[in-house]
Structures are given as C-alpha cells and as structure tokens.
Amino acid sequence: MKYDIDFLVKIIFNGFTMDYIENLDEVYNANLYKRIILNSDNFKHKFLEKGEKLFGLNEYHDVKIKEITEKLDCSIGLFYSFFESKDIFLIEIVEKLKKEILFLIKDNYNEEFNTNKLYIMYLYIFIEFYKSASYKYKLLRDVEFINFDVYIDYLNKIEKLHIDILGKNNFSTSENRVIANLILGVQHYIGIEIFFTKEINDIDKLLKNMSLLFKNGIKKLD
C-alpha cells in the first residue's frame, strides 16, 4: 500500500484519537452478540467445524481427509460431494471464520462510542473471540503460507471495516487506511503474545495502555 510517511510518524509519536478510556467497565459489560448457524446438524457444517479444529491444532499438510471422515464416521466420498479438494476445503473453512469475525465486529458496533473506545472494543472482541479457541487464530495465521490470496482478502475486508465503521474521525480515507493497518499490526502482535508466547496475562492493563497509546502516541511514554 502507498502511505504518507510523515502521517505515519505523526500518529505513532502523537497518537490519533482525542480520548482514552480510564474505566473499561463499559467495554467489559457490553452485550456481545455472535451469530450462530441454525442448521448446524448438516454434514457440510460438521466437516467445516471438524476441519477447522484439526487444521488449527495440527500442521496443514499432516491432516488427511481420511482422518477427518473417520472422526465424523462417514465416507471419503461424502467429503468429496461437498469439497473438490483439501485446498478448497481449507478455503471454505477460512471463509467461514472470516464471516464470523466480520459479523462479530459489525454486530457489536456501538455508534455512541468515541473512536478510541471503538478501537479498544475491537481489540477486546478479538481477544474474547479467540480466547476459548486459540487454534482458530493459528489457522488464520497459517493460511497466509498456504493460500496467500485468501489471507490477503481477509486483511482487505478487515481494513475496509475499520475505514467504514471505525473511522469516526476527521482523517481522510487514505489516512484512515494507515490507521487501520496500524491497528491490524497491533492485533497481530497481541495475538502472538497472548495465545502463543503467553507473555501477556493482564488484559485490563494491556487495553488501558493501548488506549493511552492511541491517544498520546509513544512520545509521552515514561
């Protein structure tokens, strides 16, 4: 992407929101809604659910179609009646995951929140979504190396969501795109340090610090 280096330096050093959050109760106590599939008993959905977990907990190339069908006690032929190949199967799994994340953000958007609170709510939703199933985050990271186009499409959709929904500020579209990608970078490293290296345990402190950084940038750090 093309970006204005002076603007990037400005927001990193000086922040990009007017407010910050002193008390996170309003974020924590918000009712977060997650869409669920109604016909979850159909076999295609069962394949996607089982495949999501297997690919998330194991290396992609180590997972065999036979292993998936055995866990569901069905034939390999039934698998191929839904999916042309293992690669197509993975793409559909990731598409399902992408929809879950995008709907979660859209459905829990609060127009009364200021920009800072929206960014923090987004990070909180991200953490809550993957907290009970971190293998989903691993799968989303792994797909970057398995099918790069699928991964880029996910990033583009999240970027657009930031610009369209979270961009309640006076920045231009191109500037909001830079901010969106900065938030994506923050999310990426938060995911690594919470779910993989487990170096972050105090989520409350993390979100408050990020709120201050979004407002003040790194120039005012002690």
Side-chain angles (χ1 to χ4, degrees), residues 32-109 122-162 164-166 180-181 183-198:
L32 299 180
Y33 297 96
K34 179 181 176 183
R35 299 190 192 192
I36 60 171
I37 187 169
L38 290 178
N39 57 339
S40 58
D41 286 336
N42 72 72
F43 247 100
K44 183 171 183 179
H45 179 75
K46 289 182 178 180
F47 272 123
L48 293 172
E49 287 287 303
K50 187 62 67 176
E52 182 181 78
K53 194 163 188 177
L54 283 171
F55 288 140
L57 294 174
N58 303 280
E59 296 301 321
Y60 172 72
H61 298 291
D62 291 339
V63 178
K64 308 300 180 187
I65 301 302
K66 185 179 179 181
E67 180 182 2
I68 299 168
T69 56
E70 285 178 349
K71 287 186 178 296
L72 290 174
D73 193 25
C74 65
S75 68
I76 292 178
L78 182 60
F79 173 88
Y80 283 108
S81 71
F82 292 118
F83 313 101
E84 293 180 14
S85 66
K86 182 178 167 183
D87 287 349
I88 296 295
F89 182 45
L90 175 69
I91 290 171
E92 290 211 31
I93 289 170
V94 174
E95 287 297 329
K96 171 181 168 293
L97 184 55
K98 281 160 53 179
K99 286 179 182 178
E100 286 180 16
I101 297 166
L102 291 166
F103 282 137
L104 193 62
I105 297 168
K106 288 179 181 178
D107 292 346
N108 292 289
Y109 169 74
Y122 168 72
L123 293 179
Y124 176 64
I125 287 172
F126 164 78
I127 293 168
E128 286 296 297
F129 179 78
Y130 289 111
K131 187 167 67 176
S132 60
S134 58
Y135 64 84
K136 293 185 178 184
Y137 185 66
K138 176 184 177 297
L139 174 60
L140 203 55
R141 300 303 316 167
D142 286 350
V143 80
E144 177 182 359
F145 306 102
I146 299 165
N147 191 312
F148 191 64
D149 290 339
V150 171
Y151 180 68
I152 288 297
D153 181 66
Y154 162 73
L155 292 182
N156 287 339
K157 282 184 168 62
I158 291 290
E159 176 193 81
K160 186 176 186 303
L161 197 63
H162 275 292
D164 291 347
I165 293 181
L166 304 182
N181 281 275
I183 300 293
L184 275 170
V186 169
Q187 173 201 298
H188 170 59
Y189 283 101
I190 283 177
I192 290 174
E193 294 181 6
I194 290 178
F195 304 121
F196 294 129
T197 65
K198 303 189 185 301

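The structure displayed is predicted, hence computed values, not measured ones. Just so you know, residue 1 is the first one in the sequence shown, and it goes up from there.
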Query raised in the report: Are K138 and Y135 in a cation-pi contact, defined as NZ or CZ under 6.0 Å from the six-membered ring centre and within 45° of the axis?
Result: no
Roughly how far apart are [X] [atom1] and [Y] [atom2], rounded to 0.5 Å?
X: F47; Y: N42; atom1: CZ; atom2: CG; result: 10.5 Å
X: L97; Y: L140; atom1: CG; atom2: CG; result: 5.5 Å
X: F83; Y: I68; atom1: CZ; atom2: CD1; result: 9.0 Å
X: F129; Y: S134; atom1: CZ; atom2: OG; result: 11.5 Å
X: I125; Y: Q187; atom1: CD1; atom2: CD; result: 11.5 Å
X: N147; Y: I91; atom1: CG; atom2: CD1; result: 4.5 Å

Report summary line: For K160, the salt bridge (charged side-chain N to carboxylate O under 4.0 Å, His left out) test, sequence neighbours excluded, returns D164
Query raised in the report: Listed by chain and number, what are the side-chain hydrogen bond (donor to acceptor under 3.5 Å, both in side chains) partners of K44, not counting sequence neighbours?
Result: E92
**Report entry** Pairing residues for K131 by the side-chain hydrogen bond (donor to acceptor under 3.5 Å, both in side chains) criterion, not counting sequence neighbours
**Finding:** E128
Query - Selection residues 145-156 - residue pairs positive for salt bridge (charged side-chain N to carboxylate O under 4.0 Å, His left out), sequence neighbours left out - result: K98-D153, D153-K157
Query raised in the report: Does NZ in K46 sit with more than 12 non-hydrogen atoms of other residues, nucleotides or ligands closer than 6.0 Å?
Result: yes
**Report entry** Neighbour count above 12 (heavy atom, 6.0 Å) for F196 CZ
**Finding:** yes
Taking only residues two or more places apart in sequence, or in another chain, which ones meet [X] in a side chain to side chain contact (heavy atoms under 4.5 Å, CB included)?
X: D107; result: R35, F103
X: S81; result: L78
X: E84; result: I88
X: K96; result: H45, L48, E49, E52, E100

Query raised in the report: Heavy atoms, side chains only, cut-off 4.5 Å: are I158 and I105 in contact?
Result: yes
Query raised in the report: Any side-chain heavy-atom pair from F79 and L72 closer than 4.5 angstrom?
Result: no
With sequence neighbours left out, what residues match [X] under ring pair (Phe, Tyr, Trp, His ring centres under 6.0 Å)?
X: F126; value: Y130, Y137
X: Y154; value: none
X: Y151; value: none

Requested in this report: Examine distances only and state if a side-chain atom of K106 and a backbone atom of L161 form a donor-acceptor pair shorter than 3.5 Å.
Outcome: no
Query - Test log, rule side chain to side chain contact (heavy atoms under 4.5 Å, CB included), inputs K86 and F55 - result: CA-CA 11 Å; K86 182 178 167 183; F55 288 140; 3.9 Å; yes
Query raised in the report: How would you list all residue pairs meeting side chain to side chain donor-acceptor pair (under 3.5 Å) that involve residues 58-77, not counting sequence neighbours?
Result: Y60-D87
Query raised in the report: So which of I146, V150, D142 actually passes side chain to side chain contact (heavy atoms under 4.5 Å, CB included) with V94?
Result: V150
